[in-house]
Amino acid sequence: MTGPELPPGSGRRLTRAFFARPPEVVARDLLGRVVVSGSGPTTVAVRLTEVEAYAGADDPASHAFRGSTARNAVMFGPAGHLYLYFVYGMHWCANVVTGPVGEASAVLLRGGEVLTGSDLAALRRPGVRRTADLARGPAGLATVLGWGPATNGHDLVTGEEQLRAGRRVADDALSTGPRVGVSVAAQVPWRFWVTGAPGVSAYRAAVRRPRRTGSSSMGD
DNA sequence: CCGCCGATCCTCT
DNA sequence: GAGGATCGGCGGG
(Lines give C-alpha, C1' and ligand atoms only; values in the text may rest on other atoms or scores of the structure.)
Protein backbone atom coordinates (compact mmCIF):
# COMPACT_ATOMS: atom_id res chain seq x y z
CA MET A 1 0.00 0.00 0.00
CA THR A 2 2.49 2.55 1.10
CA GLY A 3 5.28 3.34 -1.30
CA PRO A 4 8.95 2.98 -0.61
CA GLU A 5 10.23 4.73 2.49
CA LEU A 6 13.59 6.05 3.55
CA PRO A 7 16.02 3.21 4.23
CA PRO A 8 16.70 2.53 7.93
CA GLY A 9 19.75 4.41 9.10
CA SER A 10 19.56 7.10 6.44
CA GLY A 11 19.90 9.51 9.35
CA ARG A 12 19.58 13.25 9.61
CA ARG A 13 19.63 15.58 6.64
CA LEU A 14 23.03 17.11 5.92
CA THR A 15 23.34 20.79 6.84
CA ARG A 16 24.43 23.89 4.97
CA ALA A 17 27.66 23.84 7.01
CA PHE A 18 28.43 20.36 5.71
CA PHE A 19 28.46 21.62 2.13
CA ALA A 20 30.15 24.95 2.87
CA ARG A 21 33.60 23.37 3.05
CA PRO A 22 36.28 22.90 0.37
CA PRO A 23 35.10 20.64 -2.49
CA GLU A 24 37.65 17.89 -1.92
CA VAL A 25 36.67 17.72 1.76
CA VAL A 26 32.95 17.56 0.96
CA ALA A 27 33.58 15.00 -1.79
CA ARG A 28 35.42 12.60 0.47
CA ASP A 29 32.79 13.09 3.19
CA LEU A 30 29.89 12.42 0.79
CA LEU A 31 30.87 8.77 0.27
CA GLY A 32 28.37 6.55 2.10
CA ARG A 33 25.79 9.35 2.36
CA VAL A 34 22.29 8.86 0.98
CA VAL A 35 20.68 10.87 -1.83
CA VAL A 36 16.88 10.87 -1.75
CA SER A 37 14.56 11.99 -4.53
CA GLY A 38 10.78 12.00 -4.62
CA SER A 39 8.46 10.92 -1.82
CA GLY A 40 6.06 8.09 -1.06
CA PRO A 41 5.73 5.78 -4.05
CA THR A 42 8.22 7.80 -6.10
CA THR A 43 11.01 7.63 -3.51
CA VAL A 44 14.43 6.63 -4.80
CA ALA A 45 17.35 6.51 -2.34
CA VAL A 46 20.95 6.00 -3.44
CA ARG A 47 24.06 5.48 -1.31
CA LEU A 48 26.90 7.45 -2.89
CA THR A 49 29.93 5.35 -3.84
CA GLU A 50 31.79 7.63 -6.29
CA VAL A 51 32.24 11.40 -6.39
CA GLU A 52 34.58 13.98 -7.91
CA ALA A 53 35.64 17.43 -6.64
CA TYR A 54 35.95 20.55 -8.80
CA ALA A 55 37.32 23.86 -7.55
CA GLY A 56 36.10 27.14 -9.02
CA ALA A 57 38.24 29.77 -10.69
CA ASP A 58 41.54 27.99 -9.93
CA ASP A 59 40.59 24.70 -11.56
CA PRO A 60 40.94 24.49 -15.37
CA ALA A 61 38.71 21.39 -15.38
CA SER A 62 35.84 23.18 -13.64
CA HIS A 63 32.84 24.54 -15.49
CA ALA A 64 33.37 27.73 -13.46
CA PHE A 65 36.97 28.23 -14.60
CA ARG A 66 36.07 30.96 -17.08
CA GLY A 67 33.68 32.77 -14.81
CA SER A 68 29.93 32.94 -14.44
CA THR A 69 27.70 32.09 -17.40
CA ALA A 70 24.04 31.24 -17.87
CA ARG A 71 24.80 27.54 -17.57
CA ASN A 72 26.97 27.56 -14.43
CA ALA A 73 25.26 30.39 -12.51
CA VAL A 74 24.10 28.05 -9.74
CA MET A 75 27.72 27.19 -8.94
CA PHE A 76 28.31 30.78 -7.80
CA GLY A 77 25.45 30.62 -5.31
CA PRO A 78 25.10 29.01 -1.87
CA ALA A 79 26.46 25.57 -1.03
CA GLY A 80 24.04 22.65 -0.91
CA HIS A 81 22.23 23.48 -4.15
CA LEU A 82 22.17 21.14 -7.14
CA TYR A 83 23.93 22.13 -10.36
CA LEU A 84 22.62 20.06 -13.29
CA TYR A 85 24.33 20.25 -16.67
CA PHE A 86 23.63 18.77 -20.11
CA VAL A 87 26.45 17.04 -21.93
CA TYR A 88 27.08 15.18 -25.20
CA GLY A 89 23.67 16.16 -26.48
CA MET A 90 21.84 13.58 -24.37
CA HIS A 91 22.91 13.26 -20.72
CA TRP A 92 22.21 15.25 -17.55
CA CYS A 93 24.70 15.08 -14.66
CA ALA A 94 24.38 16.40 -11.11
CA ASN A 95 26.76 18.35 -8.87
CA VAL A 96 26.37 19.69 -5.35
CA VAL A 97 27.66 23.24 -4.89
CA THR A 98 30.28 23.54 -2.14
CA GLY A 99 32.33 26.22 -0.36
CA PRO A 100 31.45 29.86 0.26
CA VAL A 101 29.18 31.89 -2.02
CA GLY A 102 31.09 33.12 -5.06
CA GLU A 103 33.77 30.43 -5.04
CA ALA A 104 31.83 28.18 -7.44
CA SER A 105 33.32 24.89 -6.32
CA ALA A 106 31.26 21.71 -6.61
CA VAL A 107 31.20 17.94 -6.30
CA LEU A 108 30.06 15.78 -9.22
CA LEU A 109 27.94 12.81 -8.08
CA ARG A 110 29.38 9.99 -10.18
CA GLY A 111 27.78 6.82 -8.89
CA GLY A 112 25.96 4.95 -6.16
CA GLU A 113 24.02 1.97 -4.96
CA VAL A 114 20.21 2.04 -5.10
CA LEU A 115 18.82 1.34 -1.60
CA THR A 116 15.15 2.22 -2.10
CA GLY A 117 12.92 2.37 -5.17
CA SER A 118 14.87 -0.03 -7.37
CA ASP A 119 11.71 -0.82 -9.36
CA LEU A 120 11.27 2.81 -10.34
CA ALA A 121 15.01 3.14 -10.89
CA ALA A 122 14.90 0.18 -13.30
CA LEU A 123 11.98 1.74 -15.18
CA ARG A 124 14.05 4.87 -15.65
CA ARG A 125 17.00 2.85 -16.94
CA PRO A 126 15.63 0.51 -19.59
CA GLY A 127 18.31 -1.83 -20.85
CA VAL A 128 20.35 -1.91 -17.66
CA ARG A 129 20.51 -5.55 -16.55
CA ARG A 130 22.33 -5.64 -13.23
CA THR A 131 20.88 -3.85 -10.22
CA ALA A 132 24.38 -2.78 -9.23
CA ASP A 133 24.65 -0.82 -12.50
CA LEU A 134 21.44 1.22 -12.16
CA ALA A 135 23.17 4.25 -10.64
CA ARG A 136 26.58 3.73 -12.20
CA GLY A 137 28.09 6.82 -13.84
CA PRO A 138 26.99 10.45 -13.37
CA ALA A 139 24.30 10.34 -16.09
CA GLY A 140 22.92 7.04 -14.83
CA LEU A 141 22.78 8.35 -11.26
CA ALA A 142 20.89 11.49 -12.28
CA THR A 143 18.51 9.45 -14.43
CA VAL A 144 17.70 6.99 -11.65
CA LEU A 145 16.83 9.91 -9.38
CA GLY A 146 14.61 11.47 -12.05
CA TRP A 147 16.80 14.56 -12.17
CA GLY A 148 17.04 16.84 -15.20
CA PRO A 149 16.79 20.50 -16.19
CA ALA A 150 13.92 21.10 -13.73
CA THR A 151 16.21 20.00 -10.88
CA ASN A 152 18.89 22.62 -11.52
CA GLY A 153 19.25 24.97 -8.55
CA HIS A 154 17.31 22.77 -6.16
CA ASP A 155 18.28 23.18 -2.49
CA LEU A 156 19.23 19.85 -0.87
CA VAL A 157 19.14 21.42 2.60
CA THR A 158 15.51 22.58 2.53
CA GLY A 159 13.87 21.04 -0.52
CA GLU A 160 12.24 17.74 -1.43
CA GLU A 161 15.45 16.33 -2.87
CA GLN A 162 17.72 15.50 0.05
CA LEU A 163 21.13 14.35 1.14
CA ARG A 164 21.05 12.34 4.36
CA ALA A 165 23.87 11.35 6.70
CA GLY A 166 23.84 7.61 6.05
CA ARG A 167 27.12 6.24 7.31
CA ARG A 168 30.47 7.89 6.65
CA VAL A 169 32.96 5.60 4.91
CA ALA A 170 36.18 4.81 6.79
CA ASP A 171 39.51 5.90 5.31
CA ASP A 172 40.66 2.35 4.67
CA ALA A 173 37.52 1.58 2.64
CA LEU A 174 37.97 4.29 0.04
CA SER A 175 40.27 4.95 -2.90
CA THR A 176 41.32 8.11 -4.72
CA GLY A 177 42.55 8.79 -8.23
CA PRO A 178 42.48 11.13 -11.22
CA ARG A 179 39.19 12.57 -12.43
CA VAL A 180 37.37 10.83 -15.25
CA GLY A 181 37.02 12.29 -18.72
CA VAL A 182 38.69 15.64 -18.15
CA SER A 183 41.23 16.83 -20.70
CA VAL A 184 42.99 19.33 -18.42
CA ALA A 185 44.31 19.03 -14.85
CA ALA A 186 43.69 15.29 -15.18
CA GLN A 187 46.45 14.55 -12.69
CA VAL A 188 44.53 16.07 -9.77
CA PRO A 189 43.48 13.08 -7.59
CA TRP A 190 40.07 14.43 -6.69
CA ARG A 191 38.00 11.39 -7.59
CA PHE A 192 36.95 9.43 -4.51
CA TRP A 193 35.20 6.05 -4.46
CA VAL A 194 34.29 3.23 -2.10
CA THR A 195 36.66 0.44 -3.04
CA GLY A 196 34.82 -2.39 -4.79
CA ALA A 197 31.35 -0.93 -4.21
CA PRO A 198 28.41 -1.03 -6.66
CA GLY A 199 28.08 2.00 -8.91
CA VAL A 200 31.78 2.72 -9.27
CA SER A 201 32.60 3.38 -12.91
CA ALA A 202 35.71 2.36 -14.79
CA TYR A 203 38.30 5.07 -15.26
CA ARG A 204 38.24 6.70 -18.67
CA ALA A 205 40.78 9.25 -19.76
CA ALA A 206 39.49 12.07 -21.92
CA VAL A 207 39.91 11.24 -25.58
CA ARG A 208 39.57 13.71 -28.41
CA ARG A 209 38.61 11.79 -31.50
CA PRO A 210 38.78 13.38 -34.94
CA ARG A 211 35.39 14.65 -36.00
CA ARG A 212 33.87 13.44 -39.25
CA THR A 213 34.66 15.97 -41.92
CA GLY A 214 31.67 18.12 -42.74
CA SER A 215 29.83 16.99 -45.85
CA SER A 216 28.09 20.31 -46.39
CA SER A 217 30.03 21.66 -49.32
CA MET A 218 31.03 18.37 -50.95
CA GLY A 219 28.56 16.33 -52.86
CA ASP A 220 27.16 13.42 -50.88
C1' DC B 1 37.82 -7.94 -20.01
C1' DC B 2 39.28 -4.15 -22.91
C1' DG B 3 39.25 -0.71 -26.49
C1' DC B 4 37.01 1.65 -30.23
C1' DC B 5 33.20 4.31 -31.87
C1' DG B 6 28.75 6.78 -32.88
C1' DA B 7 24.94 9.36 -31.03
C1' DT B 8 23.36 14.18 -30.45
C1' DC B 9 22.87 19.21 -29.26
C1' DC B 10 24.02 22.80 -25.96
C1' DT B 11 27.51 26.19 -24.83
C1' DC B 12 31.07 29.40 -25.28
C1' DT B 13 34.74 31.37 -28.41
C1' DG C 1 32.29 25.99 -35.38
C1' DA C 2 34.48 22.92 -32.21
C1' DG C 3 34.28 20.21 -28.34
C1' DG C 4 32.23 18.25 -24.29
C1' DA C 5 32.83 16.30 -16.14
C1' DT C 6 28.96 10.15 -21.09
C1' DC C 7 27.01 5.81 -22.38
C1' DG C 8 26.25 1.41 -24.43
C1' DG C 9 27.00 -1.62 -28.37
C1' DC C 10 30.22 -4.15 -30.89
C1' DG C 11 34.30 -6.79 -32.04
C1' DG C 12 38.69 -8.92 -30.72
C1' DG C 13 41.80 -11.41 -27.31
Side-chain angles (χ1 to χ4, degrees), chain A residues 23-24 26-28 30-31 35 46 48-76 81-99 103-112 114 121-145 147-153 176-193 196 198-218:
Chain A
E24 73 278 18
V26 175
R28 183 257 171 274
L30 276 174
L31 293 176
V35 192
V46 177
L48 293 175
T49 57
E50 183 184 357
V51 296
E52 238 168 40
Y54 288 86
D58 296 333
D59 183 358
S62 170
H63 286 178
F65 181 57
R66 303 193 184 277
S68 179
T69 66
R71 176 175 72 154
N72 66 19
V74 173
M75 295 183 76
F76 290 80
H81 288 245
L82 285 171
Y83 162 52
L84 273 283
Y85 70 93
F86 185 62
V87 72
Y88 292 114
M90 60 199 95
H91 301 300
W92 287 90
C93 302
N95 296 254
V96 180
V97 177
T98 61
E103 180 184 288
S105 59
V107 174
L108 174 64
L109 307 182
R110 287 200 53 92
V114 177
L123 282 176
R124 289 170 170 167
R125 295 269 285 157
V128 174
R129 304 187 167 230
R130 298 159 45 198
T131 302
D133 291 338
L134 285 174
R136 181 181 185 188
L141 176 57
T143 299
V144 151
L145 293 167
W147 288 356
T151 319
N152 190 40
T176 68
R179 297 178 291 189
V180 174
V182 298
S183 57
V184 290
Q187 77 285 356
V188 178
W190 275 5
R191 176 185 177 220
F192 303 83
W193 68 94
V200 176
S201 55
Y203 173 77
R204 297 188 188 205
V207 180
R208 245 182 33 191
R209 287 189 298 275
R211 197 158 295 264
R212 286 184 64 91
T213 59
S215 57
S216 54
S217 60
M218 304 298 288

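Chain identifiers are assigned alphabetically (A, B, ...) following the order of the sequence lines, protein sequences preceding nucleic acid strands; residue numbering begins at 1 within each chain.
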Which sits closer to the 5' end of DNA chain C, Gly127(A) or Ser183(A), going by the nucleotide each is nearest to? Ser183(A)

Can you tell which of dT6(C), dC12(B), dC10(B) lies closest to the side chain of Phe86(A)? dC10(B)

Aromatic ring pairing Trp92(A)/Phe86(A), orientation class (parallel under 30°, perpendicular over 60°, tilted between): tilted

Spacing of Tyr85(A) atom OH relative to dT8(B) atom C1', expressed in whole Å: 16 Å

Nucleotide forming a Watson-Crick or wobble pair with dA5(C), both distances under 3.5 Å: none

His63(A) atom NE2 is separated from dG3(C) atom P, nearest whole Å, by 16 Å

Tell me: CZ of Phe65(A) to P of dG3(C), nearest whole Å? 18 Å

Protein-nucleotide distance (Tyr203(A), atom OH; dG3(B), atom P), rounded to Å: 12 Å

Run the side-chain contact (heavy atoms from CB on, under 4.5 Å) check on Trp193(A) and Arg110(A) step by step: do they pass? CA-CA 9 Å; Trp193(A) 68 94; Arg110(A) 287 200 53 92; over 6 Å; no

Rounded distance (Å) that lies between atom C1' of dG4(C) and atom CZ of Arg66(A): 13 Å

Going by heavy atoms in the side chains, are Leu48(A) and Leu141(A) under 4.5 Å from each other? yes

Measure the distance from CG on Leu134(A) to C1' on dC7(C) and round it to the nearest whole Å. 15 Å

How is Ala61(A) classified with respect to the nucleic acid when contacts are heavy atoms under 4.0 Å: base, sugar-phosphate, or nothing? base

Do Tyr83(A) and Arg71(A) have side chains that approach each other closer than 4.5 Å (heavy atoms only, starting at C-beta)? yes

Round to a whole Å and report the spacing from CG of Asn72(A) to P of dT13(B). 10 Å

Could you give me the CA-CA distance, side-chain angles and deciding distance for Arg191(A) and Val182(A), then say whether side-chain contact (heavy atoms from CB on, under 4.5 Å) is met? CA-CA 11 Å; Arg191(A) 176 185 177 220; Val182(A) 298; over 6 Å; no

Nearest to the side chain of Val180(A), which nucleotide is it out of dG4(C), dT6(C), dT13(B)? dT6(C)

Give the intermediate values and the outcome of side-chain contact (heavy atoms from CB on, under 4.5 Å) for residues Asn95(A) and Val74(A). CA-CA 10 Å; Asn95(A) 296 254; Val74(A) 173; over 6 Å; no

Please check the phosphate of dT11(B) (OP1 and OP2 only) for any side-chain N or O of Thr69(A) closer than 4.0 Å. no

Kindly determine whether Val26(A) and Val96(A) satisfy side-chain contact (heavy atoms from CB on, under 4.5 Å), including the steps that lead there. CA-CA 9 Å; Val26(A) 175; Val96(A) 180; 5.8 Å; no

Nearest listed nucleotide, side chain of Val128(A), among dC7(C), dC12(B), dG8(C): dG8(C)

Phosphate OP1/OP2 of dG8(C) contacted by Arg125(A) side-chain N/O (<4.0 Å): yes

In whole angstrom, what separates Tyr83(A)'s OH from dC10(B)'s C1'? 11 Å

Let me see the working for Thr143(A) and Arg125(A) under side-chain hydrogen bond (donor to acceptor under 3.5 Å, both in side chains), right down to the final yes or no. CA-CA 7 Å; Thr143(A) 299; Arg125(A) 295 269 285 157; 5.2 Å; no

Please confirm whether any donor atom in the side chain of Arg204(A) sits under 3.5 Å from an acceptor in the base of dG4(C), or the reverse. no

Describe the nucleic acid contact of Arg179(A) in one word from base, sugar-phosphate, nothing, applying a heavy-atom distance below 4.0 Å. nothing

DNA chain B contacts made by residues 88-95 of chain A, counting heavy atoms under 4.0 Å: Tyr88(A), Gly89(A), Met90(A)

